[in-house]
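Worksheet: one structure, shown below.
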Amino acid sequence: MVPKPPEGHKWKEVKHDQEGTWLAMWQENINGAYKYVMLAANSDIKGQSDYKKFEKARELKKYIATIRKDYNKELKSEVMAERQRATAVYLIDQFALRAGNEKGEDEADTVGCCSLKFEHVTLRPPDTVVFDFLGKDSIRFHEEFKVDSQVFKNLKIFKRSPKKEGDEIFDRLTTSSLNKHLSNYMNGLTAKVFRTYNASWVMSSLLKEMKSEGTIPEKVKDYNNANRKVAILCNHKRTVAGGHAAQMEKMGDRIKALYYQEYRIKQMMLDLDPKLKKKKGEAYFALKEGIDDEWVKGHQDAMVEEQREKIRKKFEKDNEKLVAEGQKEMKPKELDERLKAADELADKFKDERKRKKIEAEGKSPSIDKFEQQLEKLDTRIATMKTQSEDREQNKDVALGTSKINYIDPRLTVVFSKKFNVPIERFFSKTLREKFEWAIKSVDENWEF
DNA sequence: GGACAGACTTGTACGTATATAG
DNA sequence: CTATATACGTACAAGTCTGTCC
């Protein structure tokens, strides 16, 4: 049944097209772009086309060797158009460039492989090529690659005078001619299939050689590391968050604080048993690199201040409670009394600094207990460090796009089953719906 | 073979929900 | 328990690619 149009409107046309996947469409009034109402990603229709997309990429496996052999040969073709085509396919295959359609005057000045211009490619003998251009969404692609010597020669030829800035490198090539050529190898093969193929291929090779062990977060991190390699291949970048540097510093500070805690414990051990210094060696008891007296002083001041703040807050809260219960609140004098604990801490630190000695504390302290505390701190430091490294590595790489669009979801399912990590760790609720076809279709032995 | 119409995928930022550390 | 970090879902613009017409 045809649904009623919104009040005061009528359908321009009602179609019953079994091929199309859209429900309604209209032309946007600003630049005439077509807008579509389509089913959501979790629908059967979308799932099927997603499945087909990855199956197409898998099919490329059968032809890739021939294609590579051919373009390597055609890099030397006498026909310039063929030589350009071979070079372009090389770049698309090796470096995961997008096809690069021609764009209109009014659109952003971004490029892909076929639309690369003179100034986007710099040649550095003997065989290094520097790409620097704005790709889709004006994301910068800035990479340096070593290339096949014939590719280097070709690019040099394609840039030869009278070509100058603003001119296209592949002036005898369009995306349609390139895709037409590719479709000779395999039905439906186009430039974008290479991105899917290479992304999934890289992921599958990484997962094959991987031996993920340890806790679930550690295994997830292994997966993410592979995911990140794919994202880098596809140049999926993101803008570094505003507070990134500050956050890194904060984490670094926290790690330092943990190291300092260890230092204190070790000093306390010395307090209990001075002979340990000989046994464990001087270095064991030293302050970690990057931590000096000045830092320690600042850290201690902060700790004291923190405690003061805590006491004040607690005081206020207690008072609120008293009032709520209909009782009188405590006098400011009580707060001063409570704050003495912080003063004592400050005095203790001051004394320590003067005497350069840290006394063992806690009830019935023993070397054994301290050793245990140290062990706990060690693991905390280790997790913090990996977390901080992870964050730094991810600051400008977006993992989502490759996971959602390029990595065959069945690979993720295989990882999940092989290493016994719940799929929920990799796919959110919506993604599990989107990839239902993948989740229910494979076991741990499936191969891309 | 080039221009344009049309259909479908990809990609990031953003606001909000949720998890986590302190 | 609360502040903050992170994850999630979504919007919608920007791509790719096919088909048709000249």
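Quick caveat: nothing in here was measured; it's all calculated off a predicted structure. Below, read A as the first sequence line, B as the second, and so on, with proteins coming before strands; counting in each chain starts at 1.
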Base, sugar-phosphate, or nothing: which does [X] touch, judged by heavy atoms less than 4.0 Å apart?
X: A:Ser176; answer: nothing
X: A:Lys250; answer: sugar-phosphate
X: A:Gly112; answer: nothing
X: A:Thr21; answer: sugar-phosphate
X: A:Asp137; answer: sugar-phosphate
X: A:Leu431; answer: nothing

Return the value, rounded to whole Å, for the distance between atom [atom1] of [X] and atom [atom2] of [N].
X: A:Gln27; N: B:dA5; atom1: CD; atom2: P; answer: 8 Å
X: A:Glu424; N: C:dT6; atom1: CD; atom2: P; answer: 22 Å
X: A:Glu102; N: B:dG1; atom1: CD; atom2: P; answer: 15 Å

Can you find a side chain N or O atom of [X] that sits less than 4.0 Å from OP1 or OP2 on [N]?
X: A:Thr430; N: C:dG9; result: yes
X: A:Lys192; N: C:dG15; result: no
X: A:Tyr406; N: B:dT9; result: no

Problem set entry | Among B:dG22, C:dG9, B:dT10, the one nearest A:Arg254 by side-chain distance |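 That would be B:dG22.
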Problem set entry | Nearest-neighbour nucleotide for the A:His236 side chain, C:dT16, B:dT12, B:dC8 considered |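 Between C:dT16, B:dT12, B:dC8, the one nearest the side chain of A:His236 would be B:dT12.
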Exercise. According to the interplanar angle, ranging from 0 to 90°, do the rings of A:Trp446 and A:Phe448 count as parallel (below 30°), tilted (30 to 60°) or perpendicular (above 60°)?
Worked result: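 Ring orientation of A:Trp446 relative to A:Phe448: perpendicular.
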Exercise. Mapping A:Gly20 and A:Arg195 onto DNA chain B by nearest heavy atom, which one lands closer to the 5' end?
Worked result: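 The residue mapped nearer the 5' terminus is A:Gly20.
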Exercise. When the aromatic ring centroids of A:Phe426 and A:Phe415 are compared, is their separation below 6.0 Å?
Worked result: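 Ring-ring flag for A:Phe426/A:Phe415: true, centres closer than 6.0 Å.
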